[in-house]
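Computed from a predicted structure; not experimentally measured.
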Amino acid sequence: MAGEPPDHAVRPPHESDGTVHPVRDPGRTARPPYEESDRSLEAARDNAAWCDLVCRAHGRPGVFTGRVWTNPRRTPPFYPDAVTLSPDATAADVLAGIDAGAGATVKDSFAALDLPGFEVLFEARWIHRAAPGRTAAELPWDVVRDPATLAEWERACFGGEVTGLFPPALLAEVTFLYGRVDGAIACGAVLTSTGPAVGVSNVFASGHAPGTLDTAWAGTLAMAAGLFPGRPLVGYETDPEPALRHGFTTAGPLRVWLRP
């Protein structure tokens, strides 16, 4: 699954044919070299905007500065309390804006922070893809357009283990995609249009054949090409291999920290 793992938006549905028209600063480790720094920056900014949209939908808006997005209140499950927006962000930038007690999480977008008292929860890579071309999807795909379909999407995405994470208020802000097999949602994704690039997250396949993860990525690209033509795509993955099979490349590393 793309996005938060899951972190790790949401629109009467209609069926389609699958085609859509060298000094170390305190609190910061030495910065690694980046050949894809602009792509990492764009991906981090989109991800922070997505996190903020989810928090706002829950009545908990965050705060943006030039270096970091933070939320002074504990964020919804799977969503971080802070996201760094610049490799120059320090631990002080992050910790000043959050409740840093047990359970706090920080998305270190450039794998550059040193956060005393925190441990690394997981590491991942930002991903980028040039704008996809229009293709026909293997399954019928559509956009979530109403609360009932959103609830169905959420059950499929999280195997019925999570409910209410994505309030209907997100329907006007982001694009939830889904593909059906025998009437059931078999795969899906989220697209966020917050900047020049479109964010891709929460790509999933629920196991209904032929709803495989490759089918989910292919359908997501087909939908993105039709809904956001000419726009590159960004996101992050703990296992980028499925995305790489569909034309993405990796950019810089990131890690997520947890205060136990």
Side-chain angles (χ1 to χ4, degrees), residues 1-20 47 50-51 53-54 57 76-79 122 124-125 127 129 132 135-168 170-171 173-192 198-228 233-248 256:
M1 179 183 299
E4 301 299 331
D7 170 38
H8 194 281
V10 304
R11 302 177 193 254
H14 61 278
E15 297 298 332
S16 69
D17 64 0
T19 302
V20 291
N47 187 260
W50 163 229
C51 292
L53 286 170
V54 173
F78 312 129
Y79 285 81
F122 66 87
R125 302 283 299 196
I127 58 172
R129 192 192 192 284
T135 59
E138 180 180 351
L139 304 178
W141 279 74
D142 209 340
V143 174
V144 174
R145 304 177 188 279
D146 63 87
T149 307
L150 173 58
E152 183 186 4
W153 185 98
E154 196 171 61
R155 288 193 298 271
C157 180
F158 298 109
E161 297 181 358
V162 175
T163 59
L165 179 60
F166 300 129
L170 286 168
L171 290 169
E173 302 288 351
V174 303
T175 304
F176 286 77
L177 308 175
Y178 66 94
R180 291 190 182 275
V181 174
D182 297 330
I185 293 180
C187 45
V190 176
L191 300 180
T192 47
V198 174
V200 181
S201 65
N202 296 82
V203 179
F204 74 90
S206 65
H208 294 281
T212 66
L213 197 53
D214 280 316
T215 300
W217 278 105
T220 298
L221 293 182
M223 292 291 284
L227 294 168
F228 303 102
L233 307 177
V234 294
Y236 81 86
E237 291 291 322
T238 53
D239 175 12
E241 287 304 317
L244 299 184
R245 291 197 295 269
H246 293 271
F248 284 83
V256 171

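In this structure, the side chains of T220 and L191 come closer than 4.5 Å at one or more pairs of heavy atoms. Between R129 and L221, some side-chain heavy-atom pair lies under the 4.5 Å cut-off. For the pair V198/L227, no side-chain contact is recorded, criterion being any heavy-atom separation below 4.5 Å from C-beta on. Looking only at side-chain heavy atoms (C-beta outward), N202 and W153 come within less than 4.5 Å of each other. At least one side-chain heavy atom of V54 sits under 4.5 Å from a side-chain heavy atom of P76. Under the 4.5 Å side-chain criterion, counting only non-hydrogen atoms from C-beta, V143 is in contact with M223. Put simply, the side chain of S206 does not reach to within 4.5 Å of the side chain of I185, judged on heavy atoms. Side-chain contact between W217 and V200 is present, with at least one heavy-atom pair separated by less than 4.5 Å.
We find the OG1-CH2 distance between T215 and W141 to be 8.5 Å, quoted to the nearest 0.5 Å. F228 contributes atom CZ, which lies 8.5 Å from atom OG1 of T192 (distance to the nearest 0.5 angstrom). Taking CZ of F248 as the reference point, atom CD of E237 lies at 8.5 Å (rounded to 0.5 Å). With rounding to the nearest 0.5 angstrom, the OG1 atom of T212 is 6.5 Å from the CD atom of E138. Atom-to-atom distance recorded for E173:CD and L53:CG is 5.0 Å, nearest 0.5 angstrom.
The shortest heavy-atom contact between P132 and A224 is CG-CB, 4.5 Å.
F158 and F166 have tilted rings, their planes meeting at an angle from 30° to 60° on a 0 to 90° scale. By the 30° and 60° cut-offs, the orientation of the rings of Y236 relative to F122 is parallel.
In this structure, E154 contributes its side chain and G164 its backbone to a donor-acceptor pair below 3.5 Å.
In this structure, the side-chain contact (heavy atoms from CB on, under 4.5 Å) partners of A218, at least two apart in sequence or on a different chain, are H246.
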